[in-house]
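All remarks here apply to the structure that follows.
The figures here come from the full heavy-atom set of this structure, side chains too, leaving out hydrogens, waters and symmetry mates. Counting starts at 1 for both ligands and their atoms, following the listed order. Owing to the predicted nature of the structure, the values given are computational and were not obtained by experimental measurement.
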Amino acid sequence: MTTEPNYVAVAVATPLRRSFHYRMPAGLPGRRGARVRVPFGNRTLLGLITETDATPDIDRSRIKEILEILPEEGDLPEPILKLCLWASDYYQHPIGEVISTAQPNQLRRGESPLDPIESLTLTDRGRSVDIESLRRAPAQRRLFEILQKGSNTRSNLSLLDVSAQTIRVLIDKNWATWQSNNPSEATPFSLGEVSYGDIELTGEQSDLLQQIEARSSNVPLLLHGVTGSGKTEIYLRMIEAALKQGKQALVLVPEIGLTPQTINRFRNRFNTEISVMHSGLTDRERALSWWRANEGMTGIILGTRSAVFTPLKRPGVFIVDEEHDASYKQQDGFRYSARDLAVLRGQFEKAPVLLGSATPSLESLHNGATGKYELLRLTKRPPGVKPETYELLDTRHLEVRDGFTRALKSRIKTALTKGEQVLVFINRRGFAPVMMCNDCGWIAHCRRCDAKLTYHLNTNTLVCHHCGSLSHNIVSCQSCNSQSVVAIGVGTQRVEQTLNNLFPDYPVHRVDRDSTRRKGSLEDTLEEINKGEPAILVGTQLLAKGHHFPNVTLVAILDVDSGFYSADFRAVEKLGQMLLQVGGRAGRADKPGTVLIQTAFATNPLLTQLVNTGYADFAAELLSERAEAELPPYTFQAIIRAEATESSTAREFLSLIEKKAPKRDSVELLGPIPAIMEKRAGRFRQMLIVAAPRRALIHKAIENVISIAENLPEASKVRWSIDVDPIDLF
Ligand code: ADP
Ligand code: ZN
Ligand code: ZN
């Protein structure tokens with residue numbers, strides 16, 4: 001008896017926008033989501049079955065047979081596969097590459113997720129130690145407390161900034177040991193006791209939770225509450241409700257928000273294993289975390305953007321903190337939005353979704369207004385958490401020296417002499433953003449980008465912040481050879497220097513990407529600051545997320561004006577979000593905080609509205625401007641980007657597409673226009689913007705564009721990509 005062979009569709013990680021058909025060996029049935037090895041051209045590739053019982057689209061005699069089916073533990077679970085298929089279609093990105101993004105590296109290479117991993121565990125001896133005996137050794141005590149809550153892998157301990165030295169001491173005392181746990185022996189997570197500390201829900205919080213509990217629909221929730229209003233407390237209660245039903249919680253945080261402070265907040269509340277998905281994990285650890293989540297062994301999964309693809313056996317709730325944050329959108333390759341995919345997972349997997357922010361994106365607020373999301377608000381702060389007040393310092397009427405007005409200097413001085421702490425925010429690292437020749441006006445530019453070079457004092461170099469190019473020639477003008485080259489403008493390093501000169505009696509701590517290269521240095525600084533002695537903290541947006549500074553009473557924000565000049569229509573929205581996020585770092589303790597913003601736009605109506613009546617009104621105003629201008633979120637956009645080593649090549653490629661694309665009244669094709677920074681890292685970037693009043697129209701239009709682009713011979717001379725729902729024009 002002969003049986004009809006089984007055909008399957010297989011996605012392989014190639015830039016081709018399609019799957020390929022294969023025959024299952026020996027009449028075996030196909031398994032959706034299984035990893036398979038397939039012949040591909042003259043190579044063997046690893047692929048993933050996306051469809052069983054497929055109907056081949058080519059002559060059956062030419063269909064090749066699958067070489068190997070990999071073990072089930074590495075299968076992509078159905079909900080994630082479904083998500084990938086949806087995302088591939090929506091973002092118009094090749095399915096093979098989408099699946100690669102969703103899989104841990106180890107699975108992508110065809111290896112098993114089940115390799116044992118060593119984790120540090122308390123020994124019996126360690127468990128009987130009285131923690132009070134470690135009173136004099138805070139680092140050991142901290143590690144001890146971490147281990148009391150459960151064992152931890154090397155990278156998790158490193159994320160928590162535990163040093164190798166501390167680990168060694170505990171091992172030498174025979175209190176802890178590396179234990180290799182065999183993953184297959186693990187069991188479903190259990191929830192121990194929940195520790196609330198001294199927190200009792202406020203009336204507003206408990207009303208809100210009741211409202212959530214009483215819902216009959218599963219519309220995604222958008223929680224808008226100022227910083228410090230207790231949003232995280234709402235997350236924790238929703239997570240608790242899920243865990244108590246034996247279900248899991250997936251929590252996404254922005255890229256720079258995954259701090260030990262954040263993680264500890266979850267650890268202190270729940271006595272259960274929390275899986276932290278961060279970029280420092282080894283491939284093996286990531287694969288094992290993935291597998292444990294998929295088997296329902298971890299109750300809480302906490303991670304950044306790509307954690308949205310973590311499979312959950314029993315999904316209980318999806319939470320996206322700081323939902324407006326740009327890091328949720330991948331900015332190259334597969335340009336997905338983790339926030340939007342989290343919303344989709346909630347629908348697919350029938351679990352509530354909660355997006356939270358003190359400054360929600362205009363898109364989400366609009367979704368709240370149209371009923372696509374349910375808008376919830378926390379308007380008050382819990383007792384003891386005072387709101388900060390904002391003041392604008394108008395630099396048009398005040399002299400600014402080295403970045404500071406006299407008024408600001410005296411406010412800083414007052415705060416310090418009262419024994420308080422000050423945070424100075426400037427979103428630009430380095431010493432000065434411009435190096436200029438005093439004789440001829442020449443300015444140092446990057447050779448590979450449309451950008452000025454930033455002077456860095458510590459390395460005495462000129463650095464391009466866009467491509468990383470370095471120049472050591474900082475003394476002579478490259479145009480007239482004059483030796484009179486000066487650094488103009490301020491960055492974090494200059495601010496640090498100025499403050500050191502002005503306030504020699506107080507420590508100044510700088511926090512930016514340069515100062516935090518050394519592992520643990522950020523934690524050291526934060527620890528120092530949180531001791532509460534009067535001090536100044538200078539930093540970039542690295543300071544603005546996930547950290548709280550209870551002793552800071554004054555926040556000074558320097559140089560925000562570029563937000564008002566930008567060609568990007570989202571710049572003011574982003575500026576407003578940043579101001580409130582930074583401002584929200586202050587005033588957490590019993591002392592109310594003040595935020596001083598130095599700006600030449602002190603009378604700008606949007607800015608005054610933001611600081612006087614708050615984000616909701618500011619956002620409403622911006623939304624009405626967007627509606628007027630027919631911009632997102634009232635219309636939808638996609639961008640076709642092209643880049644090449646010659647500006648004209650990229651432009652001509654897009655203009656050919658523009659000419660060939662079928663025209664429809666409601667779909668606009670704008671461009672080609674240069675990206676806001678046209679030249680970057682030696683390549684010229686152009687864009688063609690597709691805009692339409694409905695999503696479906698965009699979708700159709702991009703499909704057309706792709707098929708035109710793929711058939712253009714000129715395509716081989718450019719790098720092109722599609723960005724659906726873009727969030728910037730750079
Ligand atoms: P958000 O996430 O909105 O910034 P948090 O949840 O971090 O706000 O709350 C701000 C501070 O208030 C935290 O220190 C938190 O522990 C505390 N807090 C939150 N809810 C309560 C409450 N009901 N009673 C007392 N303190 C609370
Ligand atoms: Zn010169
Ligand atoms: Zn550059």
Side-chain angles (χ1 to χ4, degrees), residues 195-209 223-239 251 253-254 257 259 261-262 264-266 268-269 319-323 354-360 376-388 435-454 462-471 473 475-486 530 544-550 580-581 583-590 593 615 677-683 685:
S195 337
Y196 303 101
D198 50 8
I199 288 189
E200 251 180 75
L201 292 178
T202 62
E204 205 178 27
Q205 284 171 330
S206 64
D207 289 351
L208 212 141
L209 284 161
L223 175 57
H224 177 196
V226 293
T227 27
S229 62
K231 292 183 298 297
T232 311
E233 191 55 40
I234 302 287
Y235 305 161
L236 292 168
R237 302 288 167 143
M238 286 189 74
I239 295 169
V251 183
V253 298
T259 62
Q261 252 177 353
T262 310
N264 283 336
R265 203 137 166 221
F266 288 81
N268 291 339
R269 176 65 54 95
I319 292 173
V320 183
D321 187 26
E322 310 286 12
E323 66 84 30
L354 178 64
L355 313 179
S357 176
T359 54
L376 306 171
R377 299 205 53 187
L378 278 177
T379 56
K380 303 189 198 69
R381 298 200 187 188
V385 187
K386 294 252 169 63
E388 69 276 10
M435 276 301 255
M436 194 180 85
C437 170
N438 256 340
D439 290 328
C440 76
W442 168 87
I443 286 174
H445 274 95
C446 176
R447 248 175 262 152
R448 308 176 66 221
C449 306
D450 291 330
K452 300 185 186 76
L453 296 175
T454 302
L462 288 171
V463 182
C464 173
H465 285 179
H466 303 280
C467 72
S469 296
L470 275 186
S471 155
N473 173 15
V475 289
S476 59
C477 169
Q478 285 173 26
S479 171
C480 75
N481 250 330
S482 153
Q483 302 289 299
S484 170
V485 179
V486 289
N530 284 333
K545 280 167 205 156
H547 304 293
H548 304 309
F549 305 106
L580 296 196
Q581 294 288 338
R585 300 305 108 196
R588 291 230 155 185
D590 36 357
Y615 186 78
M677 181 178 292
E678 187 190 356
K679 185 179 171 198
R680 187 153 89 192
R683 302 182 69 88
R685 296 125 29 91

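For Gln483, the CD atom counts as densely surrounded, since its 6.0 Å shell holds more than 12 non-hydrogen atoms of other residues, nucleotides or ligands. A 6.0 Å sphere centred on NZ of Lys452 holds no more than 12 heavy atoms belonging to other residues, nucleotides or ligands.
A heavy-atom distance below 4.5 Å is found between the side chains of His548 and Arg585. A 4.5 Å side-chain heavy-atom check between Thr232 and Arg269 finds every atom pair outside the cut-off. Side-chain contact between Arg265 and Thr262: absent, with no pair of heavy atoms (C-beta onward) separated by less than 4.5 Å. Looking only at side-chain heavy atoms (C-beta outward), Arg237 and Leu208 stay at 4.5 Å or farther from each other.
Evaluation of the side-chain hydrogen bond (donor to acceptor under 3.5 Å, both in side chains) rule for Asn264 yields no partner, not counting sequence neighbours. Residues forming a side-chain hydrogen bond (donor to acceptor under 3.5 Å, both in side chains) with Thr379 (at least two apart in sequence, or on another chain): Glu204.
In terms of modelled atom types and a separation under 3.5 Å, the side chain of His465 and the main chain of Val463 share no donor-acceptor contact. Using modelled atom types, no side-chain atom of Glu678 and backbone atom of Asp450 make a donor-acceptor pair closer than 3.5 Å. At distances below 3.5 Å, not a single donor-acceptor pair connects side-chain atoms of Arg448 with backbone N or O atoms of Arg683.
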Item to check | Asp321/Tyr235 under side-chain contact (heavy atoms from CB on, under 4.5 Å): CA gap, chis, key distance, verdict | outcome: CA-CA 9 Å; Asp321 187 26; Tyr235 305 161; 2.7 Å; yes
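Remark: ligand 1 atoms within the under-4.0 Å shell around heavy atoms of Glu233 are 6 (O), 20 (N). Heavy-atom contacts of Thr202 reach the following atoms of ligand 1: 23 (N) (cutoff under 4.0 Å). Residue contact check: Ser229 has heavy atoms under 4.0 Å from atoms 3 (O), 8 (O) of ligand 1. Under a 4.0 Å criterion applied to the non-hydrogen atoms of Val226, ligand 1 contributes the atoms 3 (O). Atom numbering of ligand 1 starts at 1 in the shown order; those under 4.0 Å from a heavy atom of Thr227 are 4 (O). The distance from ligand 1 to the heavy atoms of Glu200 drops below 4.0 Å at these ligand atoms: 22 (C), 23 (N), 24 (N).
For ligand 1, the polar-atom distance check against Gly228 finds a nitrogen or oxygen pair separated by under 3.5 Å. Checked by distance only, ligand 1 and Gly230 come closer than 3.5 Å through their nitrogen or oxygen atoms.
Taking both residues in full, the closest heavy atoms of Cys480 and Asp439 are given as SG-CB, 4.2 Å, listed atom of the first, atom of the second, then distance. Taking each heavy atom of His466 and Ala451 in turn, the nearest pair found is CD2-CB, 3.5 Å.
Counting only protein N, O or S atoms closer than 2.8 Å to the Zn ion (ligand 3) gives 4.
Atoms of the protein (N, O or S only) found under 2.8 Å from the Zn ion (ligand 2) are Cys437 SG, Cys440 SG, Cys477 SG, Cys480 SG.
Contacts with ligand 1 closer than 4.0 Å are made by backbone heavy atoms (N, CA, C, O) of Leu201 only, the side chain lying farther away.
Ranked by closest heavy atom to atom 3 (O) of ligand 1, the top entry among Arg237, Lys231, Arg381 is Lys231.
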